[in-house]
Each structure stands twice: as structure tokens, then as C-alpha cells.
Protein chains: 2
Amino acid sequence: MIDHEGPTPLYVQVADAIAARIEAGELLPDRPVPSENQLVQEYGIARGTARKTIQLLRERGLVVTIVGRGTYVVSKRPQAGR
Amino acid sequence: MIDHEGPTPLYVQVADAIAARIEAGELLPDRPVPSENQLVQEYGIARGTARKTIQLLRERGLVVTIVGRGTYVVSKRPQAGR
DNA sequence: GGGCATTTGTACGTATGTATG
DNA sequence: ACATACATACGTACAAATGCC
């Protein structure tokens with residue numbers, strides 16, 4: 001699933017994997033995505049890489065992060081356009 | 001100039017300092033900003049912190065980065081809208 | 001109020017890869 | 001071949017926010 005050798009950065013691969021899980025409905029709106037530590041364990045990556053994964057998903061507008069709580073799939077509500 | 005104790009993250013402080021230098025015309029459009037290694041030496045920070053500084057400036061639209069070359073103050077030109 | 005676990009944020013250091021000149 | 005500079009990835013430690021007991 002994750003290729004530690006290929007040219008695609010790990011954090012991109014993992015972000016794509018998470019995005020696919022959201023797309024597939026496995027991870028639902030307003031529900032948490034795996035925590036950084038869970039990503040570390042599930043995908044065998046370092047925490048810094050897990051953080052970049054989450055950051056990328058945030059930049060893609062797929063998740064939102066709340067300090068001390070976790071990162072959640074964005075709500076499906078109107079959300080005022082943007 | 002840089003407060004290693006206060007509540008403001010180092011990378012934000014350094015980014016603000018660089019932004020001020022751009023604002024003041026000390027760093028000019030299409031000219032390079034200090035490299036990561038230079039930031040490390042000039043401000044006494046770690047490389048990772050220097051990277052986050054540059055990243056923040058990039059997100060603020062103040063600089064652009066070219067791999068293998070360096071990071072430059074954005075041009076003042078029309079830049080075709082976007 | 002305190003204590004604890006969980007989670008994200010910051011900051012450090014190191015190594016290797018890739019692009020440019 | 002070499003030097004410079006950014007990109008990725010690893011690891012570690014501590015701080016801050018949250019939630020629960």
C-alpha cells in the first residue's frame with residue numbers, strides 16, 4: 001500500500017490513502033481521522049511525516065484540526081461557500 | 001530581536017522579522033532572502049525552524065522557492081492576477 | 001483543585017535525496 | 001566532480017490544549 005522506495009513522498013502517499021478512505025465513506029464527516037500516533041503505527045512512518053500528511057489534507061480542505069482534540073473530516077454542510 | 005522564551009513561536013518571530021526586512025526594502029523583489037543555513041546562523045535557530053519560517057512566508061505570499069536555487073522575494077509585477 | 005492520558009504544537013538534531021550552477 | 005540549497009524522512013524532547021476522572 002505504501003511504497004517506501006518510489007519517487008512519491010511518503011506523506012503524499014499516506015495523504016492519498018486517507019483521502020481515499022474519506023472518499024470511500026470509511027471516514028465520515030465530523031468524525032476523526034487517525035491521530036498522528038495512529039498514523040505512525042498504521043503506516044510505519046515517523047511522526048514528522050504523519051504531521052505533514054495531516055497538513056496536506058488540511059491544505060486540500062479535507063480535514064480540520066483542533067488542538068488537544070484531533071483532526072476531523074470536514075463537515076458536509078454548506079459551510080458558506082468556501 | 002528574537003525571543004527564545006516568549007509565547008510567540010520562533011518561526012513566526014523570524015518570519016515577521018524577514019517580512020519587516022522586505023517591507024523596509026532591505027530585501028528587494030526578485031532578490032533572494034537568506035537561505036535556510038543563513039537563517040540558522042543569523043538567528044540562532046535550528047534548520048527545521050528555518051524551514052518553517054520560509055514555509056510561512058510562502059503561505060503569506062511574500063516569497064517563492066525554487067529548488068536548488070533558493071527563496072526569493074515575490075516580484076512586484078502584475079503576475080497575471082493569481 | 002489536582003492528576004492523568006491523549007493529541008497537537010514547537011524545537012531541536014541528523015541523514016539522505018534531488019535540483020541547480 | 002563539487003558546492004549550494006531545498007525536499008524528504010527519521011528520531012527525540014518538551015510544551016500546550018483538551019477531556020476525563
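For clarity, every value in this text was computed on a predicted model and none was experimentally measured. In what follows, chains carry the letters A, B, and so on, assigned in the order in which the sequence lines appear, proteins first and then strands, with residues in each chain numbered from 1. Side chains included, hydrogens not; waters and symmetry mates left out as well; all remaining heavy atoms used.
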- Query: If we call it a pair only when both distances are under 3.5 Å in a Watson-Crick or G-U wobble match, what pairs with dG21(C)?
  - Reply: dC2(D)

- I2(A) CD1 - dA9(D) P separation (whole Å): 11 Å

- Query: Out of I54(A), L39(A), T65(A), which residue meets the side chain to side chain contact (heavy atoms under 4.5 Å, CB included) rule with V33(A)?
  - Reply: I54(A)

- Given dA11(C), is OP1 or OP2 found less than 4.0 Å from the side-chain N or O atoms of K52(B)? no

- R47(B) vs K52(B) side-chain heavy atoms within contact, under 4.5 Å: no

- Earlier contact from the 5' end, DNA chain D, for G68(A) and R47(A): R47(A)

- Using whole Å, report how far CD of Q55(A) lies from P of dT8(C). 14 Å

- Any Lys/Arg nitrogen of R58(B) or E59(A) sitting under 4.0 Å from an Asp/Glu carboxylate oxygen of the other? no

- Touch check for I45(A), heavy atoms < 4.0 angstrom, all strands: base, sugar-phosphate only, or nothing? sugar-phosphate

- Message: By nearest heavy atom, map R69(B) and Y11(A) onto DNA chain D; which one lands nearer the 5' end?
- Response: R69(B)

- Test: R21(A) and E42(A) ion pair at under 4.0 Å: yes

- Task: May I have the distance from L39(B) (atom CG) to dG13(C) (atom P), rounded to whole angstrom?
- Result: 15 Å

- Message: Using a heavy-atom cut-off of 4.0 Å across all strands, would you classify L10(B) as base, sugar-phosphate, or nothing?
- Response: sugar-phosphate

- Nearest-Å distance, CG (N37(A)) to P (dA5(C))? 15 Å

- Sugar-phosphate, base or nothing in reach of G70(A), heavy atoms under 4.0 Å: sugar-phosphate

- Query: Reckon T71(A) has a side-chain N or O less than 4.0 Å from the OP1 or OP2 of dT8(C)?
  - Reply: yes

- Task: Whole angstrom is fine here: how far is it from NE2 in H4(B) over to P in dA11(C)?
- Result: 9 Å

- Query: Atom CG of L56(A) and atom C1' of dA7(D): how far apart are they, to the nearest Å?
  - Reply: 14 Å

- Query: E36(A) has an atom CD; how far is it from atom C1' of dA9(D), in whole Å?
  - Reply: 15 Å

- Message: Distance check needed: dT7(C) C1' versus Q38(A) CD, whole Å only.
- Response: 10 Å

- Message: Quick one, V73(A) and L62(A) - any side-chain contact, counting heavy atoms below 4.5 Å?
- Response: no

- Query: Quick one: is T49(A) getting a side-chain N or O under 4.0 Å of the dC10(D) phosphate, OP1 or OP2?
  - Reply: yes

